[in-house]
Amino acid sequence: MPGGVNSPVRAFKAVGGDPIFVASGQGAHILDVEGTRYLDLVASYGPLILGHARAEVVDAITRQARLGTTYGAPTEAETELAELLVRHVPSVEMVRLVSSGTEATMSAIRLARGAMARDLVVKFAGGYHGHQDYLLAEAGSGMATLGIPGSPGVPRAFTALTAVLPYNDLEAAERLFAERGGEVAAVIVEPVAGNMGVVPGSRGFLSGLRRLTAAHGTVLVFDEVISGFRVGLGGAQALLGITPDLTCLGKIIGGGLPLAAYGGKAGLMRHVAPEGQVYQAGTLSGNPLATAAGLATLRVLERENPYEVLERGGAALENTIVAAANSKGLGITVNRVGSMLTPFMTPDTVADYASAARSDTAMYARLFNRLRQAGVYVAPSQFEAWFVSLPLTTEHQEALDEFVTAAIAGL
Ligand code: PLP
């Protein structure tokens with residue numbers, strides 16, 4: 001396998017050392033093949049809000065496996081999952097289940113382009129929406145806003161249809177819309193960015209995007225693949241009171257199995273085949289095992305509504321990091337929304353990709369390795385989120401605070 005891994009960040013290139021080969025996970029912990037136990041703040045990059053191998057989820061998967069794993073035909077459970085998403089996520093009136101976040105954002109953009117008969121897409125620097133060609137675009141230099149390919153293999157002609165703007169910069173979006181508003185099919189944005197490290201979108205920025213897109217007949221897509229059911233049952237859009245036209249979900253809604261979704265206004269979603277002409281399909285879409293895991297997870301979240309507990313857990317970890325950094329005289333800035341956070345190794349405010357990129361990544365690598373030695377597994381890159389899971393909050397907060405304090409003291 002290239003780099004020995006099936007997804008690049010797992011190879012630890014940004015922090016050094018060998019990847020952790022996981023043997024099992026239980027609650028807040030993972031156990032590696034050498035028998036070392038870690039408190040897990042990676043949580044599979046977001047899905048495991050309930051921790052590893054939660055009983056209700058394991059039972060649901062086991063029950064379903066005995067009944068078969070895939071049929072290529074509708075099931076009652078996928079309808080239940082769809083209803084649950086519609087009930088909680090304000091923008092979602094109709095929804096299509098897919099198998100990955102990449103597929104969700106790709107399909108949402110195709111829908112927007114097809115329904116609006118326009119080609120241009122706007123994204124924001126530092127935003128990640130999966131690895132489809134035209135969203136692997138980086139900001140051009142200077143005044144140029146048109147995207148340049150973010151990877152070899154992505155044709156320049158594809159990213160020429162993607163404009164890349166700075167995050168949290170409404171004026172840049174206003175300028176683009178003043179010039180080319182009539183060409184923009186969709187604006188896609190993470191309302192809480194998680195892929196340059198955690199950077200919350202400001203209310204003014206996101207409500208400004210809502211106003212601009214409505215005025216120009218552009219589809220506003222919130223990519224809530226991370227923030228959906230993470231920051232609250234209704235995602236960031238419910239917290240902010242800003243309703244996009246389409247929403248992409250993933251991670252938590254699959255309960256640790258491959259499942260994602262895109263949904264939104266019924267009038268828009270009816271353009272999707274077979275009701276409309278915009279084609280999108282999947283052999284394993286709405287897969288029964290993934291649907292069972294997702295439903296079991298979301299039902300626990302509905303029943304327990306653990307978001308205050310998660311907020312307290314996130315706040316406690318943030319306070320621990322800030323206190324330890326202060327007593328050591330280190331400039332560390334923690335960005336946090338509920339149970340997702342990133343400690344940036346910089347004393348300055350981090351509000352966009354340019355400010356995130358000023359972090360001291362060598363210092364982050366040292367922090368990662370000290371935490372690893374202490375038995376805490378965090379994201380192996382400065383530009384990822386740390387996730388606090390429910391079992392971590394309820395059972396292991398003190399140990400975590402102790403380990404983090406010691407790791408920072410030793411930097
Ligand atoms: N959108 C966001 C905000 C993400 O964080 C990710 C993955 O991390 C994706 C989309 C792509 O999801 P997947 O990795 O399931 O394709």
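Just follow the structure's listing: the first ligand is 1, and inside any ligand the first atom is 1. Nothing here was measured: the structure is a model prediction, and the numbers come from that model.
When only modelled atom types and interatomic distance are considered, D59 and T62 share no side-chain donor-acceptor pair under 3.5 Å. Side-chain atoms of E384 and T342 form no donor-acceptor pair, as typed in the model, at a separation below 3.5 Å. Side-chain contact check for T333 and T346: no donor-acceptor pair (N or O, by modelled atom type) lies under 3.5 Å. A donor-acceptor contact under 3.5 angstrom links the side chains of D40 and H52, judged on distance only. Checked by atom type, the side-chain pair H88/E302 shows a donor-acceptor distance below 3.5 Å. When only modelled atom types and interatomic distance are considered, Q280 and R110 share no side-chain donor-acceptor pair under 3.5 Å.
Interface of D223 with ligand 1, defined as ligand atoms under 4.0 Å from a residue heavy atom, comprises 1 (N), 2 (C), 3 (C), 10 (C). Less than 4.0 angstrom separates some heavy atom of I226 from each of these atoms of ligand 1: 5 (O). Interface atoms of ligand 1 facing S100, defined by a heavy-atom separation under 4.0 Å, are 15 (O), 16 (O). Atoms of ligand 1 found under 4.0 Å from any heavy atom of T102 (numbered from 1 in listed order, with element): 11 (C), 12 (O), 13 (P), 16 (O). Counting atoms of ligand 1 from 1 in the listed order, those under 4.0 Å from a heavy atom of G130 are 9 (C), 10 (C), 11 (C). Within ligand 1, counting atoms from 1 as listed, the ones closer than 4.0 Å to a heavy atom of N195 are 2 (C), 3 (C), 4 (C), 5 (O). For ligand 1 and G101, the ligand atoms under 4.0 Å from any heavy atom of the residue are 11 (C), 12 (O), 13 (P), 15 (O), 16 (O). Atoms of ligand 1 found under 4.0 Å from any heavy atom of E190 (numbered from 1 in listed order, with element): 3 (C).
With a 4.0 Å heavy-atom cut-off, ligand 1 is reached by the backbone of Y128 and by its side chain too. When heavy-atom distances to ligand 1 are checked against a 4.0 Å cut-off, K251 comes that close only through its side chain, counted from C-beta outward.
A cation-pi arrangement is absent between R10 and Y377 under the rule of less than 6.0 angstrom and at most 45 degrees off the ring axis.
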